[in-house]
Visitor: 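The structure under discussion is supplied below as structure tokens; questions concerning it will follow.
Order of the sequence lines sets the chain letters (A, B, ...), proteins ahead of strands, with each chain counted from 1. Since the model is a prediction, treat every value here as computed from it, not as a measurement. Heavy-atom basis, side chains included; hydrogens, waters and symmetry copies ignored.
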Amino acid sequence: MKDRGAGSLRREDVGARVRLAGWVARRRDHGGIVFVDLRDHTGVVQIVLDPDAEGLSAEVVHGLRAEYCIAVAGGVRARPEGTENPDLATGAVEVAVDELEVLSPADPLPFQLDDRVEVDEVRRLQYRYLDLRRPRMAENLVARARAIRTMRRVMDELGFLEIETPTLIASTPEGARDFLVPSRLQPGHFYALPQSPQLFKQLLMIGGVERYYQVARCWRDEDLRADRQFEFTQLDFEGAFWDQEDVLEVLEELAVAVTEELRGVTPRRPFPRLSFHEALERYGTDKPDLRFGMEITDLSDVFAGTGFRAFAEVLAAGGTVRGINAGALGLARSGLDGLVERARALGAKGLVWIVVEDHGELRSPVAKFLDDDERAGLVARLGAEPGDTLLLMADERLLVLEVLGRLRLDLGRPEGHDELAYLFVVDYPVFEPGDDGQLVPAHHPFTAPVDVETMRRNPAEALAKAYDLVLNGTELGSGSVRIHDPAVQAEVLEILGFAPEEAERRFGWFLEALRYGTPPHAGFAVGIDRFVSILRNEPNIREIIPFPKTQSGQDPLTGSPSRVSDAQLAELGIALRPEVLARWAEEAEGSSGE
RNA sequence: GGGGGCGUGGUGAAGUCUGGAGUUCACGCCGGCCUGUCAAGCCGGAGGUCGCGGGUUCAAAUCCCGUCGCUCCCGCCA
């Protein structure tokens, strides 16, 4: 039906006879002559239709409409002098059509297929198959495929074996909420969709694979965000006889290769590294955006003897005073007070703003409480220049860091992702503070601690052999060195709070597997959707996923999730709970009433 | 579960704060004219339950209450 791609035609093709097929991207009907931009997956070329020409029907030619699917044949010719289009790769030529067949007409479209206007996303998802014809989505699909192809090439060159692991697995209560799949053959029993192939890739290490990778679909039934979908894709890999450095080495190679492929630039190696502790101290987060400074500065000593009661009380109680120099914000009073509101919404009791005036005076609601040493100290420590806005907060250390870290992002984060700042965050703690102040595990229970004894005796200080890859303030993925010693694994499970019987019941099979000569191993998983979305400068991962869900977890195109028949439920041994049926009845009532 | 933003012909926006006739702009659609355009041009036309429900008012796109949908964020995501 076609022998060339529309976007492939060049000056060298002049004189050739070609058969093309694609879609009517645009038509310019002059009455006596009709130009059509014919689009296929290779690009666009202008075709010229003369309604009076032999072999063409004037009715058909004038009847062409946007997105008609057509096939044409004709001669490639150079465009007349002065009518070349330098904005088009094929702009030097055009195709003089002498055969035209409408393969499939198109109704008027629900929205226009160019990137000029931002169409409502529900509409786009409802007609995703049309949305995919738009340049933005078409290019994103290509970019995603190229990224994955590049990853496969790198992994293959490094000697990794691509292996698939099951997607119907046993549910485990830790971590994210599982998606459950009812079993028909074992009524009342359920599979879970994997949140990651974690235990299976460790079993592959025990199985002697040594180097495994997989482009793995993962599922997590948690609330959706710009960078989170129910199902997402990871480049998952694991290596035997490995430690952390081997993993980071592979990650750098992968990240550089994919960046070169999609961006045409080569990131500098080695990637910078920050310990978890340092990242938190300087940026208030474990995934700092290093494209800008605005670091958090400790000012506790500056205010050690302060007469400003709000600060003095916090310091006396063992808290801290820290600040950021947000630079020349130029905010009016209402904007500055808005920052205080924002800080309160993030959990702060208060926030102090200070604007440095032209001659160095400090304008602030609390200026009158600060003595000369304190003024000079904070100006010097924050490197404040006239025009700068300084934001200070006093409270318990972690809260101060988190709130200032959020404000730092609000005020300093660049809009797009033109610049790329890769970062490894290493030396994660084993535990993190939970809701009620007690320690909860920060990682899955197969993560190797740096030292089991410290983990037992001083859990708050214990470090794990865990690490993250961060790009522009987004966590691209995380990994760890795994426990390969069954005795250590049993001990870690115990310290993490699993009673021996429970550990045996849940992980006994895995503990046994570790006993048959398990190589030391380590691995990682890269979130492909997030990675590509950043490289493509997209604001969310839905732009990288051909058929994503809305934030409420629905697909406006196919209508999923949907109800199923009683027969289907019966076969699975499932009955819906009364409150669900009551709710349905209520909805039916509401929709049928006038 | 909570907080913010958005919802106006097919599409995108303005109008909403400060109530006064469905008003405006661009694109698209339909018809006509037009042989060198490329976001073709010119002329004409059609197209609306201002998300939905209730309230206030002489009068509601506009104010109030509720609700639905989308989105961003918090919680959640070991």
Visitor: Output the rounded distance in Å from CG (A:D120) to C1' (B:rA13).
Guide: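 About 13 Å, once rounded to whole Å.
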Visitor: Given the C1' atoms of B:rG48 and B:rG10, what is the spacing between them in whole Å?
Guide: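 About 11 Å, rounded to a whole number of Å.
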Visitor: Apply side chain to side chain donor-acceptor pair (under 3.5 Å) to A:R79 and A:T83, showing your working.
Guide: CA-CA 6 Å; A:R79 293 202 189 185; A:T83 65; 5.5 Å; no
Visitor: Are A:Q46 and B:rG36 close enough that a side-chain N or O sits under 4.0 Å from OP1 or OP2?
Guide: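 Negative; the distance criterion is not met.
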Visitor: Check every strand shown and say whether A:R344 touches a base, only sugar-phosphate, or nothing at a heavy-atom separation below 4.0 Å.
Guide: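 If one applies the 4.0 Å heavy-atom cut-off, A:R344 turns out to touch nothing in the nucleic acid.
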Visitor: Would you say A:R542 reaches B:rC72's phosphate, i.e. side-chain N/O to OP1/OP2 under 4.0 Å?
Guide: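 It does, given that an N or O in the side chain of A:R542 lies less than 4.0 Å from OP1 or OP2 of B:rC72.
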Visitor: Just by distance, do the side chain of A:S533 and the backbone of A:E538 share a donor-acceptor pair under 3.5 Å?
Guide: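 Not confirmed, A:S533 side chain does not pair with A:E538 backbone.
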Visitor: For a quick test of reading the model: is some side-chain N or O of A:Q551 closer than 4.0 Å to OP1 or OP2 of B:rC72?
Guide: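 So the side chain of A:Q551 is within the cut-off, an N or O lying under 4.0 Å from OP1 or OP2 of B:rC72.
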Visitor: May A:F35 be described as stacking on the base of B:rU37, applying a 5.5 Å centroid limit and a 30° limit on plane angle?
Guide: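 So yes, this residue stacks on that base, both cut-offs being met.
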Visitor: Let me spell it out: for each of A:R342 and A:R77, pick the nucleotide of RNA chain B with the closest heavy atom. Which residue's pick is nearer the 5' end?
Guide: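 Mapping each residue to its closest nucleotide by heavy atoms, the 5'-most match is A:R77.
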Visitor: What's the gap between B:rA60 and B:rG55 when it is taken at their P atoms, as a whole Å value?
Guide: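 That atom pair is separated by 12 Å.
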Visitor: Regarding A:A345, tell me which of base, sugar-phosphate or nothing describes its non-hydrogen contacts under 4.0 Å with the strands shown.
Guide: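 If one applies the 4.0 Å heavy-atom cut-off, A:A345 turns out to touch nothing in the nucleic acid.
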Visitor: Please figure out whether A:D87 or A:S552 has its closest RNA chain B nucleotide nearer the 5' end.
Guide: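 Nearest nucleotide further toward 5': that of A:D87.
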Visitor: Would you kindly give the CZ-to-C1' distance between A:R225 and B:rG3, to the nearest whole Å?
Guide: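 Distance, rounded to whole Å: 12 Å.
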Visitor: Within the structure shown, what part of the strands sits under 4.0 Å from A:T550 by heavy-atom distance: base, sugar-phosphate, or nothing?
Guide: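 Contact class for A:T550: sugar-phosphate only.
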Visitor: For B:rU23 and B:rG47, measure between their P atoms and round to the nearest Å.
Guide: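 It works out to 13 Å between them.
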Visitor: Could you tell me the separation between the CZ atom of A:R28 and the P atom of B:rC38, rounded to a whole number of Å?
Guide: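 Taking atom P of B:rC38 as the reference, CZ of A:R28 is at 7 Å.
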Visitor: Does B:rG69 pair with anything, Watson-Crick or G-U wobble, both distances under 3.5 Å, and if so, with which nucleotide?
Guide: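 Checking every strand shown, B:rG69 finds its partner in B:rC6, with both distances under 3.5 Å.
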Visitor: Report the distance from atom CG of A:L109 to atom C1' of B:rG12, rounded to the nearest whole Å.
Guide: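 For the pair A:L109 CG and B:rG12 C1', the rounded distance is 15 Å.
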Visitor: Counting the atoms with a prime plus P, OP1 and OP2 as sugar-phosphate, which does A:Q126 contact under 4.0 Å by heavy atoms, base, sugar-phosphate, or nothing?
Guide: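 No contact at all - A:Q126 keeps every heavy atom at 4.0 Å or more from the nucleic acid.
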Visitor: Indicate yes or no: does A:R26 engage A:D37 in a salt bridge with an N to O separation below 4.0 Å.
Guide: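 Answer for the salt bridge query: no.
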Visitor: Please list all pairs meeting salt bridge (Lys or Arg N to Asp or Glu O under 4.0 Å) that have one or both residues in residues 334-344 of chain A, counting only residues at least two apart or in different chains.
Guide: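 Residue pairs with at least one partner in residues 334-344 of chain A: A:R333-A:D337, A:E341-A:R344, A:R342-A:D410.
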Visitor: Please report, rounded to the nearest Å, how far the C1' atom of B:rU37 is from the CD atom of A:E81.
Guide: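 Taking atom C1' of B:rU37 as the reference, CD of A:E81 is at 17 Å.
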Visitor: Determine, for A:R133 against A:E67, whether the closest basic-nitrogen to carboxylate-oxygen distance falls under 4.0 angstrom.
Guide: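 Yes, A:R133 and A:E67 are salt-bridged.
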Visitor: Taking atom CD of A:E579 as the centre, does the number of heavy atoms from other residues, nucleotides or ligands within less than 6.0 Å exceed 12?
Guide: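 Check passes, neighbour count above 12.
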Visitor: Decide whether a cation-pi geometry holds between A:R530 and A:F232; the criteria are a distance under 6.0 Å from NZ or CZ to the six-membered ring centre and an angle within 45° of the ring axis.
Guide: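 Here A:R530 fails the 6.0 Å and 45° test against A:F232.
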Visitor: In whole Å, what separates the P atom of B:rG15 from that of B:rG36?
Guide: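 Their P atoms lie roughly 41 Å apart.
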Visitor: Looking only at atom C1', what distance separates B:rC42 and B:rC34, rounded to whole Å?
Guide: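 Straight-line distance between the two C1' atoms is 9 Å.
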Visitor: Within the structure shown, what part of the strands sits under 4.0 Å from A:R79 by heavy-atom distance: base, sugar-phosphate, or nothing?
Guide: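 Base contact.
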Visitor: B:rA61 pairs with which nucleotide, Watson-Crick or G-U wobble, both distances below 3.5 Å?
Guide: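 Looking at the geometry, B:rA61 pairs with no nucleotide.
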Visitor: Once you measure the plane-to-plane angle for A:Y467 and A:F524, does it fall in the parallel (<30°), tilted (30-60°) or perpendicular (>60°) bin?
Guide: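 Ring orientation of A:Y467 relative to A:F524: parallel.
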Visitor: Between B:rC76 atom P and A:Q229 atom CD, what is the distance in whole Å?
Guide: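 Rounding to the nearest Å, CD of A:Q229 and P of B:rC76 are 21 Å apart.
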Visitor: When the P atoms of B:rG31 and B:rU24 are compared, how many Å lie between them, rounded to an integer?
Guide: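 Looking at atom P only, B:rU24 and B:rG31 are 24 Å apart.
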Visitor: Determine the interatomic distance between P on B:rC33 and the same-named atom on B:rG22; round to the nearest Å.
Guide: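 One P to the other, the span is 37 Å.
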Visitor: Given that both distances must come in under 3.5 Å, which nucleotide forms a Watson-Crick or G-U wobble pair with B:rG47?
Guide: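 When the pairing criteria are applied, nothing turns out to pair with B:rG47, so the answer is none.
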Visitor: Of the candidate nucleotides B:rC77, B:rC74, B:rC38, which contains the atom at the shortest distance from the side chain of A:R228?
Guide: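 Ranking B:rC77, B:rC74, B:rC38 by closest atom to the A:R228 side chain puts B:rC77 first.
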Visitor: A:D29 CG to B:rC38 P: how many Å, rounded?
Guide: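 About 14 Å, once rounded to whole Å.
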Visitor: Partner of B:rC42 by Watson-Crick or G-U wobble geometry, both contacts under 3.5 Å, or none?
Guide: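 Paired with B:rC42, as far as the under-3.5 Å criterion goes, is B:rG32.
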Visitor: Please report the distance separating the P of B:rU16 from the corresponding atom of B:rC64, rounded so that it comes out in whole Å.
Guide: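 Rounded to whole Å, the distance is 14 Å.
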Visitor: Determine whether the aromatic ring of A:H30 stacks with the base of B:rA40, defined as ring centroids separated by less than 5.5 Å and ring planes inclined by less than 30°.
Guide: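 Yes, A:H30 stacks on the base of B:rA40, since the ring centres sit under 5.5 Å apart and the planes are within 30°.
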Visitor: Check whether any side-chain N or O of A:R123 sits under 4.0 Å from OP1 or OP2 of B:rU11, and answer yes or no.
Guide: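 Checking B:rU11 against A:R123, a side-chain N or O does come within under 4.0 Å of OP1 or OP2.
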Visitor: For A:D410 and B:rC74, what is the distance between atoms CG and P respectively, to the nearest whole Å?
Guide: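 Taking atom P of B:rC74 as the reference, CG of A:D410 is at 10 Å.
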